[in-house]
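The structure appears right after this line, and notes come after that.
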Amino acid sequence: MFTRIIEPAFYDTDALGHINNTRLPAWFELARNDLFKLFTPNLNPRQWRLIMARMEIDYRAELFYGHDIEIRTYLTRLGNSSFTVTQEARQRETLTNLGHTVMVHYDHHAKRAVPLEGELRRALSTHLVAEPATA
């Protein structure tokens, strides 16, 4: 499991006084950088080996300015060439958001999925968690 701490900025808030829901996809993507480095250690876009097939976020509670947000990132499924990244946003120990993103190991030149094998598969499996958080 990877963990990142986000310190919300004032501009992350909206007219309702809480963190705008559009910030979560960006923060979740930022927190996936640790996982991306398993595929492309220098994060060079010309060497990128992934595509996103699906993303969903459950908004369970509000997030507020003035308190750090912990983003936890782990895998809940590891397939032949794709995997599901599950991410939790927590503020003050409360699970506020739960996201699931399906990523595909992909060869951009050949335009096809590539199997997850060898050391890469072993590295990914160390972040595999059987069940996502529910509370």
Side-chain angles (χ1 to χ4, degrees):
M1 179 182 304
F2 299 104
T3 302
R4 286 219 179 197
I5 301 298
I6 305 291
E7 181 181 354
F10 183 75
Y11 71 82
D12 292 324
T13 60
D14 61 19
L16 298 175
H18 53 73
I19 301 300
N20 190 288
N21 62 356
T22 63
R23 300 305 298 146
L24 266 298
W27 290 342
F28 280 172
E29 181 178 357
L30 173 67
R32 286 194 298 272
N33 274 351
D34 297 315
L35 188 61
F36 293 160
K37 288 177 182 176
L38 296 176
F39 292 84
T40 310
N42 63 1
L43 299 179
N44 182 343
R46 291 189 174 105
Q47 299 169 352
W48 209 250
R49 297 169 34 193
L50 292 167
I51 59 170
M52 180 189 299
R54 178 179 173 83
M55 181 177 68
E56 62 185 33
I57 299 175
D58 296 331
Y59 295 90
R60 297 180 173 194
E62 296 171 319
L63 291 166
F64 296 96
Y65 174 75
H67 302 283
D68 287 349
I69 298 165
E70 179 185 40
I71 307 288
R72 298 177 185 176
T73 302
Y74 50 92
L75 274 58
T76 49
R77 185 187 63 80
L78 184 56
N80 290 328
S81 60
S82 67
F83 54 97
T84 301
V85 181
T86 297
Q87 294 178 282
E88 304 172 15
R90 293 178 175 267
Q91 191 173 58
R92 301 174 107 178
E93 304 299 322
T94 299
L95 177 62
T96 59
N97 306 86
L98 185 64
H100 303 284
T101 305
V102 176
M103 303 296 298
V104 179
H105 189 211
Y106 194 75
D107 181 329
H108 289 274
H109 298 290
K111 303 290 186 200
R112 65 175 182 84
V114 177
L116 295 162
E117 301 175 324
E119 184 54 39
L120 178 59
R121 186 173 195 83
R122 283 187 288 280
L124 289 169
S125 68
T126 65
H127 301 286
L128 189 61
V129 174
E131 291 293 324
T134 57

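What you are looking at is a predicted structure, and each value in this text was computed from that prediction instead of being measured.
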*asked:* Would you say the ring centers of W48 and Y106 fall short of 6.0 Å from each other?
replied: no

*Once you round to the nearest 0.5 Å, how far does CD1 of I19 lie from OG1 of T13?*
6.0 Å

*Does the side chain of T73 come within less than 4.5 Å of R4's, by heavy atoms?*
no

_Residue of the set E117, R122, R121 for which side chain to side chain contact (heavy atoms under 4.5 Å, CB included) holds with E119_ = R122

_Side chain Q91, main chain T96, donor-acceptor under 3.5 Å_ = no

*Answer with yes or no whether the hydrophobic clustering places M55 together with Y59; edges join I, L, V, M, F, W, Y residues whose side-chain heavy atoms lie under 4.5 Å apart.*
no

*Using only heavy-atom distances, determine whether the side chains of T86 and R77 contain a donor-acceptor pair under 3.5 Å.*
no

*asked:* Distance check, rounded to the nearest 0.5 Å: H100 atom NE2 versus T84 atom OG1?
replied: 8.5 Å

*Distance from Y74 atom OH to L124 atom CG, nearest 0.5 Å?*
16.0 Å

*Find out if a path of hydrophobic residues (ILVMFWY) with successive side-chain heavy-atom gaps under 4.5 Å connects F36 to L120.*
yes

*When the ring planes of F83 and F39 are compared, do they come out parallel, tilted or perpendicular, using 30° and 60° as the limits?*
parallel

_Between I71 and L98, is there shared hydrophobic-cluster membership here, with clusters defined by ILVMFWY side-chain heavy atoms closer than 4.5 Å?_
no

*asked:* For L95, is there any backbone N or O sitting under 3.5 Å from a side-chain donor or acceptor partner on E88?
replied: no

